[in-house]
**Q** 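Pasting a structure here, questions to come.
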Amino acid sequence: MKTKTLGTTDVVISAMGLGAMPLSLNERPPEQEAIAVIHRALDLGVTLVDTADSYCLNEEDKHHNEKLIAKALSLYSKDTSKIMVATKGGLIRPGGDWKVNGDPQHLRKTIRESHEALGAENAIPLWQLHATDPRFPIEASLQPVREAVDEGLIRLVGLSNVTVDEIERARKLLPIVSIQNQFNPWCRRPEKDAALEYCEKEQLTFFPWSPLGGSYRVKQLNQFRKVTELAHLKNVSPQQVILAWLISKSPCVVPIPGARRFASIEDSAKALDLRLTSDEVEQIDLEVGN
């Protein structure tokens, strides 16, 4: 699989990651099947696995996805030393809802729980602030992260769902290597608010979350004429066309499509071999974008 460098570090990651969230939410597969999906991704050359402490059913199920990934890695028969597990903290799941919690005390606690859930043998490879909390300045929320880096609990730090101003403020406190904001043909905000341009200029890796627009959009892809025409012309799936569109937007983009089945991650991985012309990208922009 093709690779990219993570930010300005010397860490090499696969140019396509695995979004592990579907393996822990509603309708999640049995554990054995979920582990098999993770193993299939690793067999394909995926070395970036995206997770979060909140990828679970509710607060009683907290850290489910992290524990699942740790178990999958422990059972994998090949070398896992190059696997980059990228987790997040800052959202909670009371009653199954999604709520922001940037309280430094909460983050201090959940970082340690994530470290334990991921095996506690090494530092968390990449920890990302899941979202900013309007109740706390980003500097306050990142203080326990700074402490965890100094303690050896976290190796590298990223941010999610942030503005350029918040990125710049965060970088004054500690090094930031990646940004994870929503980006797909139906959500073009990173192009409009300059977050994508900023990441490319500053050599930060950009992870688009919901790269295919979610299951709702995936079911609608055949309604977009240009996408389906390109898929037919190039003998690929419409999903691959969308992932190739994302990759075409900037060399700093590393998609992390979710998967709960072998077929999904196998299909996504093939998008790395698909190239769209600037004219084809523009046609998708005009038909799908907003």
**Q** Report yes if some heavy atom in the side chain of Leu196 is under 4.5 Å from a heavy atom in the side chain of Val253; otherwise report no.
**A**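 Leu196 vs Val253: side chains touch.
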**Q** Is the side chain of Ser160 donor-acceptor paired with the backbone N or O of Gln180 at a distance under 3.5 Å, no angle test?
**A**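 Here the side-chain-to-backbone pair exists.
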**Q** Can Leu272 be reached from Leu18 by stepping across I, L, V, M, F, W or Y side chains whose heavy atoms are under 4.5 Å apart?
**A**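 Yes, same cluster.
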**Q** Take Arg188 and Asp285 through the test salt bridge (charged side-chain N to carboxylate O under 4.0 Å, His left out) and record every step on the way to the result.
**A** CA-CA 9 Å; Arg188 305 281 292 280; Asp285 284 347; 3.4 Å; yes
**Q** Would you find more than 12 non-hydrogen atoms of other residues, nucleotides or ligands less than 6.0 Å from Glu197 atom CD?
**A**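 Result for CD/Glu197: open.
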**Q** In a check of salt bridge (Lys or Arg N to Asp or Glu O under 4.0 Å) between Lys62 and each of Glu66, Glu60, Glu59, which one passes?
**A**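 Exactly one candidate clears the test, Glu59.
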**Q** With the side chain counted from C-beta on, respond yes when Glu200 and Pro251 share a heavy-atom pair under 4.5 Å apart, and no when they do not.
**A**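 Result yes, sub-4.5 Å side-chain heavy-atom pair found.
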**Q** Tell me, yes or no, whether the heavy-atom count around Asp150 atom CG, taken from other residues, nucleotides or ligands under 6.0 Å, exceeds 12.
**A**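 Correct, the count exceeds 12.
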**Q** Is the shortest side-chain heavy-atom distance between Gln283 and Leu230 below 4.5 Å?
**A**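 Side-chain contact under 4.5 Å: no.
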**Q** Enter the distance from His63:NE2 to Ser24:OG here, rounded to the nearest 0.5 Å.
**A**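 His63 NE2 to Ser24 OG: 12.0 Å, rounded to 0.5 Å.
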**Q** For the side chain of Glu287 and the backbone of Arg225, is there at least one donor-acceptor N/O pair under 3.5 Å apart?
**A**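 At least one qualifying donor-acceptor pair exists.
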**Q** Side chain to side chain contact (heavy atoms under 4.5 Å, CB included), that's the test. Do Arg155 and Asn122 meet it? Break it down for me.
**A** CA-CA 9 Å; Arg155 181 180 177 189; Asn122 302 299; over 6 Å; no
**Q** Any salt bridge linking Arg135 with Asp133? Criterion: basic side-chain nitrogen under 4.0 Å from a carboxylate oxygen.
**A**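 Salt bridge flag = yes for Asp133 with Arg135.
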**Q** Distance-only, no hydrogens or angles: does the Thr110 side chain make a donor-acceptor pair with backbone N or O of Leu107 under 3.5 Å?
**A**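 Not at all, since once roles are kept as given, no pair shorter than 3.5 Å links the two residues.
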**Q** Between CD of Glu191 and NZ of Lys249, what distance do you get to the nearest 0.5 Å?
**A**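 The distance works out to 4.0 Å.
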**Q** Should Met16 and Val236 be regarded as members of a common hydrophobic cluster, given that ILVMFWY residues are connected when their side-chain heavy atoms come within less than 4.5 Å of each other, either directly or indirectly?
**A**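 Yes; Val236 is reachable from Met16 via cluster members.
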**Q** Indicate, with yes or no, if Leu126 and Leu42 share a hydrophobic cluster defined by side-chain heavy-atom contacts under 4.5 Å among Ile, Leu, Val, Met, Phe, Trp and Tyr.
**A**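 No, Leu42 does not connect to Leu126 through the hydrophobic network.
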**Q** If we only count heavy atoms from C-beta on, is the Ile284 to Leu276 side-chain gap below 4.5 Å?
**A**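 Result yes, sub-4.5 Å side-chain heavy-atom pair found.
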**Q** List the steps, then state whether side chain to side chain donor-acceptor pair (under 3.5 Å) holds for Arg146 with Gln143.
**A** CA-CA 5 Å; Arg146 172 76 270 177; Gln143 186 54 45; over 6 Å; no
**Q** Got a sec: does the NZ of Lys234 have more than 12 other heavy atoms crowding it under 6.0 Å?
**A**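 Counting other residues, nucleotides and ligands, NZ of Lys234 exceeds 12 neighbours.
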**Q** Treating Ile, Leu, Val, Met, Phe, Trp and Tyr as nodes and any side-chain heavy-atom pair under 4.5 angstrom as an edge, say whether Val177 and Val157 lie in one connected cluster.
**A**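 No, no single cluster joins them.
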**Q** Going through the distances and angles, do Thr132 and Val162 end up as a side chain to side chain contact (heavy atoms under 4.5 Å, CB included)?
**A** CA-CA 7 Å; Thr132 55; Val162 287; 3.9 Å; yes
**Q** Ignoring hydrogens and geometry, is there a side-chain-to-backbone donor-acceptor pair from His130 to Thr87 under 3.5 Å?
**A**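 It does not hold such a pair.
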**Q** Should Leu159 and Val100 be counted in the same cluster of Ile, Leu, Val, Met, Phe, Trp and Tyr side chains packed under 4.5 Å apart?
**A**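 Result: no, two separate clusters.
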**Q** Specify the closest pair of heavy atoms between Asn161 and Gln182, including all atoms of both residues, with the distance to one decimal.
**A**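 Residues Asn161 and Gln182, closest heavy atoms: OD1-N, 4.5 Å.
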**Q** Is any side-chain heavy atom of Pro94 less than 4.5 Å from a side-chain heavy atom of Lys99?
**A**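 Yes, close enough: below the 4.5 Å cut-off.
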**Q** Is the ring pair Trp245/Phe183 parallel, tilted or perpendicular, if the boundaries are 30 and 60 degrees?
**A**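 Judged by the thresholds at 30° and 60°, the geometry between Trp245 and Phe183 is tilted.
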**Q** Minimum heavy-atom separation for Ser210 and Asn184, please, with both atom names.
**A**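 In this case the closest contact between Ser210 and Asn184 is O-ND2, 2.8 Å.
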**Q** I'd like to know if the side chain of Lys82 and the backbone of Ile13 have a donor-acceptor N/O pair within less than 3.5 Å.
**A**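 A pair under 3.5 Å: no.
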**Q** Closest approach of Pro255 and Pro208, non-hydrogen atoms and distance?
**A**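 It is CA-CD, 3.7 Å.
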**Q** Nearest 0.5 angstrom please: Ser237 OG to His232 NE2, how far?
**A**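 Spacing of OG (Ser237) from NE2 (His232) equals 14.0 Å.
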**Q** Could you check whether Lys109 pairs with Glu113 (Lys NZ or Arg NE/NH1/NH2 to Asp/Glu carboxylate O, under 4.0 Å)?
**A**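 So Lys109 pairs with Glu113 through a salt bridge.
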**Q** More than 12 non-hydrogen atoms from neighbouring residues, nucleotides or ligands closer than 6.0 Å to CZ on Arg261, yes or no?
**A**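 Count not over threshold, so no.
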**Q** Do the non-hydrogen side-chain atoms of Asn65 and Cys56 ever get within less than 4.5 Å of each other?
**A**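 When only atoms from C-beta onward are counted, Cys56 and Asn65 do not touch, as no gap falls below 4.5 Å.
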**Q** Would you mind checking if Lys67 and Glu116 are paired as a salt bridge, meaning a charged N to carboxylate O distance below 4.0 Å?
**A**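 Salt bridge absent between Glu116 and Lys67.
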**Q** Calculate, to the nearest 0.5 Å, the distance between atoms CG and CD1 belonging to Asp43 and Ile265 respectively.
**A**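 It is 11.5 Å, given to the nearest 0.5 Å.
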**Q** Do the side chain of Thr47 and the main chain of Ser14 share a donor and acceptor less than 3.5 angstrom apart?
**A**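 Yes: the side chain of Thr47 pairs with the backbone of Ser14.
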**Q** Looking at CD1 of Ile167 and OH of Tyr198, how far apart are the two atoms once the value is rounded to the nearest 0.5 Å?
**A**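 Answer for the CD1-OH pair, Ile167 versus Tyr198, is 6.0 Å.
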**Q** Give a yes or no on whether the backbone of Thr277 and the side-chain of Glu280 come within a donor-acceptor separation of less than 3.5 Å.
**A**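 Checking the backbone N and O of Thr277 against the side chain of Glu280, a donor-acceptor pair under 3.5 Å is found.
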**Q** With a 4.5 Å heavy-atom cut-off, do Trp127 and Leu129 have their side chains touching?
**A**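 Yes - at least one pair of side-chain heavy atoms lies under 4.5 Å apart.
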**Q** Could you measure the distance from the CG atom of Leu142 to the NZ atom of Lys172? Nearest 0.5 Å is fine.
**A**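 These two atoms lie 13.5 Å from each other.
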**Q** Ser178 and Leu6: which non-hydrogen atoms are nearest, and at how many Å?
**A**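 Shortest heavy-atom separation between Ser178 and Leu6 comes out as CB-CD1, 4.3 Å.
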**Q** Check the pair Asn58 / Asp97 against side chain to side chain contact (heavy atoms under 4.5 Å, CB included), numbers first and verdict last.
**A** CA-CA 7 Å; Asn58 48 49; Asp97 291 337; over 6 Å; no
**Q** Any side-chain heavy atom of Glu151 sitting closer than 4.5 Å to one from His115?
**A**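 SC-SC contact between Glu151 and His115 ruled out.
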**Q** Can you tell whether the side chains of Asp61 and Arg93 come within less than 4.0 Å, N to carboxylate O?
**A**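 A salt bridge is absent here (no side-chain N lies under 4.0 Å from a carboxylate O).
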**Q** Would you mind checking if Glu166 and Arg169 are paired as a salt bridge, meaning a charged N to carboxylate O distance below 4.0 Å?
**A**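 Answer for the salt bridge query: no.
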**Q** With a sphere of 6.0 Å drawn around CZ of Arg189, does it hold more than 12 non-hydrogen atoms of other residues, nucleotides or ligands?
**A**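 Not more than 12 within 6.0 Å, no.
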**Q** Using atom types as modelled and distance alone, determine if a side-chain donor or acceptor of Lys88 lies under 3.5 Å from a backbone N or O of Thr51.
**A**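 Yes: the side chain of Lys88 pairs with the backbone of Thr51.
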**Q** Is a side-chain N or O of Thr3 found less than 3.5 angstrom from the main chain of Val12, in a donor-acceptor match?
**A**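 Side chain of Thr3 to backbone of Val12: no pair is present.
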**Q** Using the ring of each side chain (for Trp, its six-membered ring), is Tyr76 parallel, tilted or perpendicular to His39, with breaks at 30° and 60°?
**A**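 It falls in the tilted class, 30° to 60°.
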**Q** Between Pro185 and Pro211, what is the shortest heavy-atom contact and its length?
**A**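 Smallest interatomic distance, heavy atoms only, reads CD-O, 4.3 Å.
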**Q** Begin with the C-alpha distance, continue with both residues' side-chain angles, and end with the deciding distance and a verdict on side chain to side chain contact (heavy atoms under 4.5 Å, CB included) for Asp279 and Val281.
**A** CA-CA 5 Å; Asp279 181 61; Val281 170; over 6 Å; no
**Q** Does the pair Glu229/Lys226 count as a salt bridge with the N-to-O cut at 4.0 Å?
**A**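 Between Lys226 and Glu229 there is a salt bridge, with a charged N closer than 4.0 Å to a carboxylate O.
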**Q** Under a 4.0 Å N-O cut-off, is there an ion pair linking Arg260 with Glu33?
**A**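 Between Glu33 and Arg260 there is no salt bridge, as every charged N stays at least 4.0 Å from the carboxylate O atoms.
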**Q** Closest heavy-atom contact between Leu44 and Ala269?
**A**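 What the structure gives for the nearest pair is CD1-CB, 4.4 Å.
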